[in-house]
Amino acid sequence: MKRSGAQGWWPVYSGRGSCPEYRRGFYGPHTGEEIFEICVGAILTQNTAWTSALAALACLNKAGALGPGAIALMRPARLERLIRPSGFYRRKAGRLKIFSRYLIKKHPEGLQKWFLRTSAGDLRSELLTLEGIGPETADSMVLYAGGKPKFVIDAYTARIFGRLGLVTGKYEEIQYAFESALPADHRIYNEYHALIVAHGKDFCRKTRPRCAGCPLNRLCKCTRGTYDN
DNA sequence: TACCAGGTCCTCG
DNA sequence: CGAGGACATGGT
């Protein structure tokens with residue numbers, strides 16, 4: 001996958017950034033505003049194409065609603081309308097409100113201080129207590145927003161490594177396999193996961209994967225032309 | 001036209 | 001627990 005190069009994942013509107021730039025090669029530390037935006041993006045992109053989540057993020061930004069106070073106070077109908085392009089908008093609006101209210105109530109010192117002084121494992125556990133934040137969303141927040149070493153497992157990861165015949169199991173089992181095999185460095189986890197996503201989109205697609213052009217073809221259990229058409 | 005997208009929660013057997 | 005369904009818009 002060397003051809004893919006550095007990915008430096010997670011674009012940001014707020015804070016020091018002003019455009020949805022990918023800012024390749026920047027791994028934090030992030031400002032409080034950036035952390036909040038990344039957390040919101042993590043919720044908006046649940047089972048949704050990133051471009052759709054980005055459209056919703058742009059609407060929030062344009063409305064000046066990219067902060068916990070604004071989201072916590074906003075009328076549900078208005079919040080739903082703003083994030084509509086991301087899909088599942090009623091659910092996600094509720095989740096954004098829960099997250100924002102929790103921040104204000106439980107961490108008035110601010111996201112940045114909270115994330116900075118909390119370990120990856122403790123942060124994950126606390127985030128998981130919130131309704132609407134599951135393992136992948138929590139880990140995305142920990143890794144991308146907090147810059148802490150938690151390996152994110154998503155549909156691409158499970159599919160690619162399952163087909164390769166290298167890793168199977170439930171979320172935490174797959175995660176453990178990666179975290180045991182790699183240095184506990186958030187920059188490495190960031191790049192590795194970004195490469196997995198790129199590979200999943202380009203080759204290891206859910207249906208009709210492009211096995212013929214896949215660089216991992218020879219290593220893969222399910223190649224043999226099985227998925228080629 | 002169908003199918004899918006970097007999930008999560010709820011219900012049922 | 002594990003499978004199955006609901007949630008919803010936008011892109012190919």
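Any value given below was found using the heavy atoms of this structure, including those in side chains, with hydrogens, waters and symmetry copies removed. A, B, ... follow the sequence lines: proteins, then strands. Residue 1 opens every chain. Since the structure is predicted, the reported quantities are computational estimates derived from the model, not experimental observations.
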What donor-acceptor contacts under 3.5 angstrom involve side-chain atoms of residues 149-162 of chain A, with partners at least two apart or in another chain?
{"unit_1": "A/Lys150", "atom_1": "NZ", "unit_2": "A/Glu179", "atom_2": "OE1", "d": "3.1"}
{"unit_1": "A/Lys150", "atom_1": "NZ", "unit_2": "A/Glu179", "atom_2": "OE2", "d": "3.3"}
{"unit_1": "A/Asp154", "atom_1": "OD1", "unit_2": "A/Tyr156", "atom_2": "N", "d": "3.1"}
{"unit_1": "A/Asp154", "atom_1": "OD1", "unit_2": "A/Thr157", "atom_2": "N", "d": "2.8"}
{"unit_1": "A/Asp154", "atom_1": "OD1", "unit_2": "A/Thr157", "atom_2": "OG1", "d": "2.7"}
{"unit_1": "A/Asp154", "atom_1": "OD2", "unit_2": "A/His193", "atom_2": "NE2", "d": "2.8"}
{"unit_1": "A/Thr157", "atom_1": "OG1", "unit_2": "A/Asp154", "atom_2": "N", "d": "3.4"}
{"unit_1": "A/Arg159", "atom_1": "NE", "unit_2": "A/Cys204", "atom_2": "O", "d": "2.8"}
{"unit_1": "A/Arg159", "atom_1": "NH2", "unit_2": "A/Cys204", "atom_2": "O", "d": "2.9"}

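- Taking the centre and axis of the six-membered ring of A/Phe203, the NZ or CZ atom of A/Arg210 falls outside the cone set by 45° and 6.0 Å.
- Distance A/Trp50 CH2 to C/dT9 C1': 16 Å, rounded to the nearest Å.
- Between the CG atom of A/Leu44 and the C1' atom of C/dG10 there is a distance of 14 Å, given to the nearest Å.
- Taking the side-chain hydrogen bond (donor to acceptor under 3.5 Å, both in side chains) definition, one finds that A/Glu80 meets it with nothing, sequence neighbours left out.
- Residue A/Tyr171 is out of contact with every strand shown, counting any heavy-atom pair closer than 4.0 Å.
- Comparing B/dC4 with C/dG4, their P atoms are spaced 16 Å from each other, to the whole Å.
- Test A/Tyr171, A/Tyr144, A/Tyr189 against A/Asp139 for side chain to side chain donor-acceptor pair (under 3.5 Å) and you get one pass: A/Tyr171.
- Heavy atoms of A/Arg90 sit under 4.0 angstrom from primed sugar atoms or phosphate atoms, though from no base atom.
- Partners of A/Ala177 under the side-chain contact (heavy atoms from CB on, under 4.5 Å) rule, at least two apart in sequence or in another chain, are A/Val167.
- Listed in residue order, the members of residues 82-89 of chain A having a heavy atom less than 4.0 Å from DNA chain C are A/Arg84, A/Pro85, A/Gly87, A/Phe88, A/Tyr89.
- Whole-Å rounding puts the A/Lys92 NZ to C/dG10 C1' distance at 11 Å.
- Spacing between C/dG5 and B/dG6 at atom P, rounded to whole Å, works out to 23 Å.
- Bracketed by its first and final contacts, the part of DNA chain B lying under 4.0 Å from non-hydrogen atoms of chain A reaches from B/dC4 to B/dC9 in 5' to 3' order.
- Across the protein-nucleic acid pair, A/Arg91 atom CZ and C/dA6 atom C1' stand 6 Å apart, rounded to whole Å.
- Salt bridge absent: A/Glu131 and A/Arg91 never bring a charged side-chain N and a carboxylate O closer than 4.0 Å.
- Counting any heavy atom pair closer than 4.0 Å across all strands shown, A/Ile43 reaches no nucleic acid atom.
- Heavy-atom distances to DNA chain B give each of A/Leu130 and A/Thr48 a nearest nucleotide, and the one nearer the 5′ end belongs to A/Thr48.
- Backbone-only contact: A/Thr207 has heavy atoms under 4.0 Å from sugar-phosphate atoms and none from a base.
- A gap of 15 Å separates the P atoms of B/dC3 and C/dA6, to the nearest Å.
- One atom, CG of A/Leu54, and another, C1' of C/dG11, lie 14 Å apart when rounded to the nearest Å.
- Scanning for side-chain contact (heavy atoms from CB on, under 4.5 Å) contacts around A/Ser100 gives A/Phe36, A/Pro68, A/Ile71, A/Ala72, with sequence neighbours left out.
- Aromatic ring orientation, A/Phe26 versus A/His30: perpendicular (interplanar angle above 60°, classes split at 30° and 60°).
- A donor atom on one side chain and an acceptor atom on the other are found under 3.5 Å apart for A/Gln46 and A/Thr137.
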